[in-house]
Amino acid sequence: VPAAGAYSVYSPGTADPAVSRFLRGRGYFVSFTTAAEVLAVGTPTDSQARRAPVEVPLSAASGGWNLIGNPYDWDIDFSLSTVRVGGQVISMQEAAAQGVISPVLFAYDNGYVETSVLREWRGGWVQARQDVGLILSSEPVLTRQVEARERSGIRAGLDWQLRLCAQADGLQDAATWLGASGTATAGFDCGKDVPKPPSAKGMGGAELSVYFPHTDYGVESGRYASDI
């Protein structure tokens, strides 16, 4: 919950509006002690309603981290999302250039990974630097093509980048990188220096995390996934 800067935990009969019911476009951590099958029940909406864009309100409170979820039953390309700023809708790239939102999506798979694909039944962290509306594209994506693009490409605005990956005891962190850009400064650069998403350790269990500690960024100080 961005306003609280902490997780809300569901329990039967809870009155907490953050977790008392599932909301389309919101993300949730679910923990099972044993393997289980999750069944979707209810009556599906018609195909036109299912494909309608979904707008998720993002809060900039307490660091601006928002846990979003895929509201569709197919994979979508997060980079095709648009952002509502005031009364204007702009592209993800324009919003990132204006410092409104981070264009990086962090998914969780026994550790954080950076991705452009928001998979069905999955979620991820996105950071907003202003209170905005994130409009998720309903266009299905060929996941393998996007993943191939990510492996071969360099993030926009960088001259070079090097990804750091760590694995241990079944855990991983594949969401840390360093690089260089002719437009970067020695201080914090919005859109280039990307903070690390909130720890999943608060949900129980162990965690493996690789990050750059920055105490020299003033109000932006903290753990960083990228250092440019």
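Throughout, numbering of the chain's residues begins at 1 and tracks the sequence.
A salt bridge does not link Glu55 with Arg24: every distance from a Lys NZ or Arg NE/NH1/NH2 to an Asp or Glu carboxylate oxygen is 4.0 Å or more. With respect to the salt-bridge test (charged N to carboxylate O, under 4.0 angstrom), the residues Asp109 and Arg119 do not qualify.
A donor atom on one side chain and an acceptor atom on the other are not found under 3.5 Å apart for Asp193 and His214. Under 3.5 Å, the side chains of Thr185 and Asp189 contain a donor-acceptor pair of N or O atoms. Side-chain contact of Asp16 with Ser8: a donor-acceptor pair under 3.5 Å is present, judged by distance alone.
Residues Arg129 and Val100 form no side-chain contact, since every pair of their non-hydrogen atoms from C-beta on lies 4.5 Å or further apart. In this structure, Val85 and Ile90 have side chains that are in contact, with non-hydrogen atoms separated by less than 4.5 Å. At least one side-chain heavy atom of Val194 sits less than 4.5 Å from a side-chain heavy atom of Phe106. Counting heavy atoms from C-beta outward, Asn70 and Ile76 have side chains that approach closer than 4.5 Å. Annotation: side chain of Lys192 is in contact with side chain of Ser181 (closest heavy-atom distance under 4.5 Å). Two residues are said to be in side-chain contact when any heavy atoms from C-beta on lie closer than 4.5 Å; Arg50 and Asp73 meet this criterion. Side-chain contact between Gln93 and Pro103 is absent, with no heavy atoms from C-beta onward closer than 4.5 Å. Side-chain contact between Arg51 and Glu139 is present, with heavy atoms from C-beta onward closer than 4.5 Å.
Linking Ile, Leu, Val, Met, Phe, Trp and Tyr residues whenever their side-chain heavy atoms come within less than 4.5 Å places Trp160 and Tyr224 in a single cluster. Taken together through direct or relayed side-chain contacts under 4.5 Å among Ile, Leu, Val, Met, Phe, Trp and Tyr, Trp74 and Ile68 form part of one hydrophobic cluster. The cluster map of Ile, Leu, Val, Met, Phe, Trp and Tyr, joined by side-chain heavy atoms under 4.5 Å apart, puts Tyr7 and Trp65 in the same cluster. Side-chain heavy atoms closer than 4.5 Å link hydrophobic residues (I, L, V, M, F, W, Y) into clusters, and following such links, possibly through other members, connects Val56 to Ile101. Each of Tyr28 and Trp125 belongs to its own hydrophobic cluster when Ile, Leu, Val, Met, Phe, Trp and Tyr are linked at side-chain heavy-atom distances under 4.5 angstrom.
Under the 3.5 Å distance criterion, the side-chain polar atoms of Asp159 are matched with a main-chain donor or acceptor of Gly182. Remark: side-chain polar atoms of Tyr72 are paired, donor with acceptor, to backbone N or O of Val54 under 3.5 angstrom. Between the side chain of Thr176 and the main chain of Val210, a donor-acceptor pair closer than 3.5 Å is present.
Annotation: Tyr108 is in aromatic contact with Phe29 [ring centroid separation under 6.0 Å].
For Arg163 against Ala175, the heavy-atom pair with the smallest separation is NH1-CA, 4.5 Å. Nearest heavy atom pair, residue Ser20 against residue Thr14, reads CB-O, 3.8 Å. Gln127 approaches Gly63 most closely through the heavy-atom pair NE2-O, 2.9 Å. Taking each heavy atom of Arg84 and Val89 in turn, the nearest pair found is NH1-CG2, 3.6 Å. Shortest non-hydrogen contact noted between Trp177 and Phe212 is O-CE1, 3.4 Å. Residues Val113 and Gln172 share a closest heavy-atom pair of CG1-NE2, 3.8 Å.
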Starting from the C-alpha separation in whole Å, work towards a yes-or-no answer on salt bridge (Lys or Arg N to Asp or Glu O under 4.0 Å) for Lys196 and Asp173.
CA-CA 11 Å; Lys196 206 74 172 178; Asp173 186 334; 3.0 Å; yes
Evaluation steps, side-chain contact (heavy atoms from CB on, under 4.5 Å), between Ser79 and Met92
CA-CA 6 Å; Ser79 67; Met92 175 66 71; 5.6 Å; no
Tell me, with the steps shown, if Leu67 and Arg26 meet side-chain contact (heavy atoms from CB on, under 4.5 Å).
CA-CA 6 Å; Leu67 190 58; Arg26 292 295 189 187; over 6 Å; no
Apply side-chain contact (heavy atoms from CB on, under 4.5 Å) to the pair Val104 and Val126, showing each step before the final yes or no.
CA-CA 7 Å; Val104 181; Val126 60; over 6 Å; no
Run the ring-ring contact (aromatic ring centres under 6.0 Å, His included) test on Tyr217 and Phe188 for me, step by step, so that the C-alpha distance in whole Å, both residues' side-chain angles and the decisive distance to 0.1 Å come before the verdict.
CA-CA 6 Å; Tyr217 282 178; Phe188 171 75; 5.8 Å; yes
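Heavy-atom neighbours of Arg122 CZ from other residues, nucleotides or ligands within 6.0 Å: at or below the threshold of 12. By the neighbour-count criterion of 12 heavy atoms within 6.0 Å, atom CG of Asp169 is sparsely surrounded, having that number or fewer from other residues, nucleotides or ligands.
Asp77 CG to Leu105 CG: the interatomic distance, rounded to the nearest 0.5 Å, is 10.0 Å. Between atom CG of residue Asp227 and atom CG of residue Leu162 there is a gap of 12.0 Å, rounded to the nearest 0.5 Å. The distance from atom OH of Tyr211 to atom OG of Ser226, rounded to the nearest 0.5 Å, is 15.5 Å. Atoms CG and CG, from Leu118 and Leu80 in turn, are 11.5 Å apart once rounded to the nearest 0.5 Å. Residue Gln161 holds its CD atom at 9.0 Å from CG of Leu178, rounded to the nearest 0.5 Å. Rounded to the nearest 0.5 angstrom, Phe22 CZ and Tyr10 OH are separated by 8.5 Å.
The side-chain contact (heavy atoms from CB on, under 4.5 Å) with Leu134 is formed by just one residue from the set Leu58, Asn66, Thr82; it is Leu58.
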